[in-house]
Enquirer: 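Take this structure, written in structure tokens, and hold onto it; I'll ask about it next.
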Amino acid sequence: MTITTEAPAGPLNEAPALDADKLMAFVHRAVGEVGATLNTALVVLGDKLGYYRAIADHGPLTAAELALATDTAQPYAREWLNAQAAGDFVSYDPETKRYALSPEYAVALTDTQSPAFLPGLFQVALGTVQATSQIVGAARSGAGFGWHEHDSDLHDGCERFFRPSYLASLVDEWIPALDGVEQKLRAGARVADIGCGYGASTILLAQAFPASTFVGFDYHVASIESARRRAVEAGVADRVRFEVASADAFAGAPYDLVAMFDCLHDMGDPVGVARHVRDLLAEDGTWMIVEPMAGDHVEDNLNPVGRVYYGFSTLVCTPSSLSQDRGMALGTQAGPARIGDVAAAGGFTRFTSVAETPLHRLLEARP
């Protein structure tokens, strides 16, 4: 079936024929998108209120039982459960009126140590979209919007989302993939972690390599304050310190290893940062760059992972870069070739992609 519109189109101003089935299929898909958008907030709510944890711990629960187990109001528990059941996050038994969480979903929604842990990603997304009105204005003016200006859900969520991935891959896979780095760390190396945020990567490295010393740098004061507390809690404050500094102004050379986790593409002048890293590296030092998984061409990234990262790029990473001097705006999906160009412009002569996961690519640059 076809329908027509009155909108002029084509060289003779003929109205294009529309496929009604295709149109309505898109409308239904869009309704699903709205449901998914709302579910971002519902997952964060369920995580913060302990709803998922209660179902995982107690087994199938009614709305009244969930409210009692979490000391929350029953109407909220009831509507949240129904939304989760409609979205197939929990299952519903109409005979017992109970809602259940499968063992697999329980891991993804409650196990903070699992690389499959998801609430942090939802929290990142929720914190991201809260700045939409500001990003609309920035897009019209060409201005930027800094990382520090975003809601704290973005900052908290990033640590909760990335830490399980680092826990799964950093020590056992990524460090061994770098040429000679593991041996240096075991013997005792000096390491700088740039853009360290809450210090998850820095602390994990310090726990794994007690002979080495580590400094985490970030321009975001609140993140550094959190990182310092976490280092004390983790028992590594004797060999880890955290300092407020930008990526092009951190000090303390020479470093055997400079690491950047999921942050180079956010920087306004990544080439200037690369030059600074080169200047502060030891003669045989290594620049370790972890970036979001991306190919070098748009068509390489037209997939679910690329969709998420392009979304974050539009609302967080590109505005962050544009808020800084130069504002190169690499974008979250810059790809290894563009990162390699940055490294070469910074004075690095060896650049290699050495490891990858579904969400990350590990790049190694050497002087």
Side-chain angles (χ1 to χ4, degrees), residues 43-44 47-48 110-128 130-131 145-171 174-175 191-209 212-247 249-250 252 257-267 273 288-292 312 315-317 320 323 332 357 359-360 362:
V43 170
V44 173
D47 175 57
K48 291 185 175 183
T110 67
D111 185 355
T112 60
Q113 304 302 304
S114 170
F117 181 68
L118 291 174
L121 178 59
F122 283 94
Q123 193 174 359
V124 171
L126 182 63
T128 294
Q130 292 187 56
F145 190 79
W147 173 265
H148 61 284
E149 299 179 87
H150 282 273
D151 186 88
S152 61
D153 268 328
L154 174 61
H155 310 140
D156 296 345
C158 270
E159 194 273 344
R160 299 183 73 214
F161 171 54
F162 286 124
R163 185 181 181 278
S165 295
Y166 299 161
L167 185 62
S169 301
L170 176 54
V171 173
W174 294 348
I175 292 297
V191 181
D193 187 0
I194 312 304
C196 65
Y198 287 9
S201 51
T202 326
I203 291 169
L204 287 173
L205 286 170
Q207 290 172 325
F209 302 105
S212 294
T213 57
F214 302 83
V215 188
F217 296 99
D218 202 295
Y219 90 99
H220 188 222
V221 175
S223 290
I224 289 297
E225 291 172 348
S226 292
R228 288 169 176 164
R229 291 193 298 269
R230 291 170 187 239
V232 172
E233 294 167 0
V236 296
D238 60 324
R239 55 187 181 278
V240 175
R241 75 176 194 273
F242 291 99
E243 303 292 343
V244 176
S246 62
F250 70 96
L257 174 67
V258 172
M260 292 186 184
F261 294 88
D262 295 290
C263 64
L264 181 62
H265 61 271
D266 294 291
M267 297 176 186
V273 169
M288 173 185 182
I289 309 165
V290 177
E291 280 286 295
F312 286 139
L315 296 170
V316 179
C317 306
S320 176
S323 74
T332 310
T357 73
L359 297 177
H360 288 103
L362 172 62

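Note that the coordinates shown come from a computational prediction; the quantities given were computed from them, not determined experimentally.
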Enquirer: In the structure I gave you, are the side-chain heavy atoms of Met288 and Ile175 within less than 4.5 Å of one another anywhere?
Expert: yes
Enquirer: Quick one: list whatever passes side chain to side chain donor-acceptor pair (under 3.5 Å) with Ser169, sequence neighbours left out.
Expert: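 Here no residue qualifies.
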Enquirer: Any side-chain to backbone donor/acceptor pair from Arg160 onto Pro119? Under 3.5 Å, distance only.
Expert: no
Enquirer: Parallel, tilted or perpendicular: which describes the rings of Tyr219 and His148, with under 30° parallel and over 60° perpendicular?
Expert: perpendicular
Enquirer: Can you check whether Asp262 reaches Pro292 side chain to side chain, under 4.5 Å on heavy atoms?
Expert: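 Side chain of Asp262 against side chain of Pro292, heavy atoms only: contact under 4.5 Å found.
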Enquirer: Hey, does Cys158 have a side-chain heavy atom less than 4.5 Å from the side chain of Trp147?
Expert: yes
Enquirer: Report yes if the side chains of Val191 and Phe209 come closer than 4.5 Å at any heavy-atom pair, otherwise no.
Expert: no
Enquirer: Residues two or more places apart in sequence or in another chain: which of them pass side chain to side chain donor-acceptor pair (under 3.5 Å) with Asp151?
Expert: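 None.
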Enquirer: Might you point out which heavy atoms bring His150 and Gly127 nearest each other, and give the distance in Å?
Expert: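 Residues His150 and Gly127, closest heavy atoms: ND1-O, 4.3 Å.
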Enquirer: Of the non-hydrogen atoms in Thr332 and Cys317, which two are nearest, and what is the gap between them?
Expert: OG1-SG, 3.0 Å
Enquirer: If I compare all heavy atoms of Ser114 with all of Pro164, which pair ends up nearest, and what's the gap?
Expert: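 In this case the closest contact between Ser114 and Pro164 is O-CB, 3.1 Å.
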Enquirer: How far does CG of Asp153 sit from OG1 of Thr128, to the nearest 0.5 angstrom?
Expert: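 The OG1 atom of Thr128 is 9.5 Å from CG of Asp153, to the nearest 0.5 Å.
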Enquirer: Going by the side-chain contact (heavy atoms from CB on, under 4.5 Å) test, name the single residue among Leu126, Leu118, Val124 that passes it with Phe122.
Expert: Leu118
Enquirer: So which atom in Phe312 and which in Ala125 form the shortest heavy-atom distance, rounded to 0.1 Å?
Expert: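 In terms of heavy atoms, the two residues are closest at CE2-CA, 3.9 Å.
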Enquirer: So, for Gly195 and Cys263, which heavy atoms are closest and what is the spacing to 0.1 Å?
Expert: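 Looking at all heavy atoms of both residues, the shortest contact is CA-SG, 4.1 Å.
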Enquirer: Would a 4.5 Å heavy-atom cut-off, applied to side chains only, mark Thr357 and Trp174 as touching?
Expert: yes
Enquirer: Parallel, tilted or perpendicular, judged at 30° and 60°: which one describes the rings of Phe217 and Phe250?
Expert: tilted
Enquirer: Contact between Gln130 and Leu154 at the side-chain level, heavy atoms closer than 4.5 Å - yes or no?
Expert: no
Enquirer: Could you measure the distance from the CD atom of Glu149 to the OG atom of Ser323? Nearest 0.5 Å is fine.
Expert: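 Result: 6.5 Å between the selected atoms.
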Enquirer: Would you call the rings of Phe162 and His360 parallel, tilted or perpendicular, where under 30° means parallel and over 60° means perpendicular?
Expert: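 Ring orientation of Phe162 relative to His360: tilted.
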Enquirer: Holding to side-chain contact (heavy atoms from CB on, under 4.5 Å), I want the full list of residues that pass it with Arg228, two or more places apart in sequence or in another chain.
Expert: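 Once residues adjacent in sequence are excluded, the partners of Arg228 under the side-chain contact (heavy atoms from CB on, under 4.5 Å) criterion are Ile224, Phe242, Glu243.
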Enquirer: What's the separation between atom CG in Asp193 and atom CZ in Phe261, rounded to the nearest 0.5 Å?
Expert: 5.5 Å
Enquirer: Nearest 0.5 Å, what's the CD-OG distance between Gln123 and Ser152?
Expert: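 Between atom CD of Gln123 and atom OG of Ser152 there are 8.0 Å.
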Enquirer: Once you round to the nearest 0.5 Å, how far does OG1 of Thr112 lie from CZ of Phe117?
Expert: 6.0 Å
Enquirer: Strictly below 4.0 Å, N to O, side chains only: are Asp156 and Lys48 in salt-bridge contact?
Expert: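 So Asp156 does not pair with Lys48 through a salt bridge.
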Enquirer: OG1/Thr202 to CZ/Arg239 distance, rounded to the nearest 0.5 angstrom?
Expert: 12.5 Å
Enquirer: I'd like to know if the side chain of Ser223 pairs up with that of Asp218 as donor and acceptor (distance under 3.5 Å, no hydrogens or angles considered).
Expert: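 No, Asp218 and Ser223 have no side-chain donor paired with an acceptor closer than 3.5 Å.
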Enquirer: Check Ala227 against Gly199 and note the closest heavy-atom contact, atom names and distance.
Expert: CB-N, 3.9 Å
